[in-house]
Amino acid sequence: MHHYYSKFMRECPSGQLSLHEFKKLLGLQGLDPQGDLYIKRVFDIFDLNQDGFIDFLEFIAAINLVIRGKIDQKLKWYFKLYDADGNGCIDKKELLSIFTAIQAINGHTNMSAEEFTSMIFQKIDVNNDGELTLEEFINGVERDEDLMELITKSFDLSNVLKVIQSGRRHSI
């Protein structure tokens, strides 16, 4: 714990990580608008108290999710990331938007954002209402190994973790 605290304070002497510092830490400055949207969503979810900063406790909670989080915890986190308007459901527009943003950051994928969105809804929108509830999302993904692997790879946070662990800044 002391190790992480030292690194956090070295990177962020104020004890609070702003969105700008978060992007700089991860080497994600100068992204297109879609990429910026995704990074802001990730930041906002890690900012548990919604004060506009990630403090050390929020930082540790994020690391814990990435390293030790159980799959249902990670799926809840992914759901929260997808649910851009916070209404408790994911619609096709939200899913398309966030997956497009992920592609902007991660580069190549095996399918387009439109194909990804259609496939997700075909597989797990049980009542065909065009929205996914948290229950539909978790149950659907847990039932389908291929879908679980695809979602896990799409939202792989290991690069974020590597940067955090090494404590290095990237500059563009």
Side-chain angles (χ1 to χ4, degrees), residues 1-106 113 117 120 131-139 141 151-152 154-172:
M1 187 72 86
H2 183 265
H3 173 73
Y4 283 118
Y5 184 74
S6 297
K7 285 187 177 185
F8 183 81
M9 293 308 290
R10 188 169 48 246
E11 292 297 323
C12 197
S14 70
Q16 295 189 314
L17 189 65
S18 69
L19 176 59
H20 175 76
E21 291 166 323
F22 184 69
K23 287 180 186 179
K24 191 173 180 183
L25 176 69
L26 299 176
L28 296 172
Q29 301 150 298
L31 295 173
D32 65 22
Q34 286 292 98
D36 266 344
L37 174 75
Y38 172 67
I39 294 304
K40 176 138 178 40
R41 291 279 309 138
V42 170
F43 180 86
D44 288 345
I45 292 170
F46 285 160
D47 178 15
L48 299 174
N49 66 1
Q50 300 298 302
D51 66 352
F53 297 95
I54 296 174
D55 63 28
F56 182 67
L57 291 177
E58 292 166 330
F59 177 77
I60 289 299
I63 289 174
N64 192 49
L65 173 71
V66 174
I67 295 175
R68 296 192 183 100
K70 292 181 173 39
I71 196 62
D72 63 322
Q73 292 171 310
K74 290 181 181 183
L75 289 175
K76 285 178 185 173
W77 188 86
Y78 296 149
F79 183 88
K80 199 172 178 181
L81 183 64
Y82 285 137
D83 183 17
D85 64 9
N87 71 350
C89 292
I90 302 167
D91 62 35
K92 289 181 181 181
K93 184 179 174 190
E94 287 172 317
L95 187 58
L96 182 64
S97 174
I98 206 73
F99 194 72
T100 301
I102 290 164
Q103 285 182 317
I105 292 170
N106 293 345
T117 301
I120 295 285
E131 291 186 329
L132 302 175
T133 62
L134 177 61
E135 184 179 347
E136 279 179 312
F137 182 75
I138 290 176
N139 291 340
V141 174
I151 285 182
T152 303
S154 296
F155 294 97
D156 182 12
L157 297 173
S158 60
N159 288 340
V160 172
L161 183 61
K162 283 177 193 166
V163 170
I164 290 169
Q165 285 181 323
S166 69
R168 69 179 187 274
R169 288 186 187 258
H170 295 262
S171 55
I172 296 175

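All of these numbers come straight from a predicted model, not from anything done at the bench. Index from 1, following the sequence.
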Hey, could you give me the [atom1]/[atom2] distance between [X] and [Y], rounded to the nearest 0.5 Å?
| X | Y | atom1 | atom2 | answer |
| --- | --- | --- | --- | --- |
| I71 | I138 | CD1 | CD1 | 10.0 Å |
| L95 | T117 | CG | OG1 | 4.0 Å |
| F79 | C89 | CZ | SG | 6.0 Å |
| N49 | D55 | CG | CG | 6.0 Å |
| S18 | K24 | OG | NZ | 10.0 Å |

How far apart are the closest heavy atoms of L96 and T100, and which atoms are they?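 Looking at all heavy atoms of both residues, the shortest contact is O-OG1, 2.7 Å.
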At their closest point, which heavy atom of L48 faces which heavy atom of E58, and how far apart are they?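 Scanning both residues, the minimum pair turns out to be N-OE2, 3.0 Å.
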Just wondering, do [Y] and [X] contact through their side chains at under 4.5 Å, heavy atoms?
| X | Y | value |
| --- | --- | --- |
| F22 | V42 | yes |
| L132 | I120 | yes |
| K23 | D36 | yes |

Taking atom CD of Q50 as the centre, does the number of heavy atoms from other residues, nucleotides or ligands within less than 6.0 Å exceed 12?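 Above 12, so yes.
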For [X], enumerate each residue passing the side chain to side chain contact (heavy atoms under 4.5 Å, CB included) test, keeping only those at least two apart in sequence or located in another chain.
| X | result |
| --- | --- |
| D72 | K70, E142 |
| I45 | R41, W77, K80, L81 |
| D91 | K93, E94, E131 |
| L37 | Q34, S97 |

Among all residues two or more places apart in sequence or in another chain, which pass the side-chain hydrogen bond (donor to acceptor under 3.5 Å, both in side chains) test with K40? D44
The side-chain hydrogen bond (donor to acceptor under 3.5 Å, both in side chains) partners of D47 (sequence neighbours excluded) come to none
Using the six-membered ring wherever Trp is involved, compare the ring planes of F8 and F59 and label them parallel, tilted or perpendicular (cut-offs 30° and 60°). tilted
Sorted by chain and residue number, the ring pair (Phe, Tyr, Trp, His ring centres under 6.0 Å) partners of F53 (sequence neighbours excluded) come out as none
With sequence neighbours excluded, what pairs up with K92 under the salt bridge (charged side-chain N to carboxylate O under 4.0 Å, His left out) test?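 Salt bridge (charged side-chain N to carboxylate O under 4.0 Å, His left out) list for K92, sorted by chain: empty.
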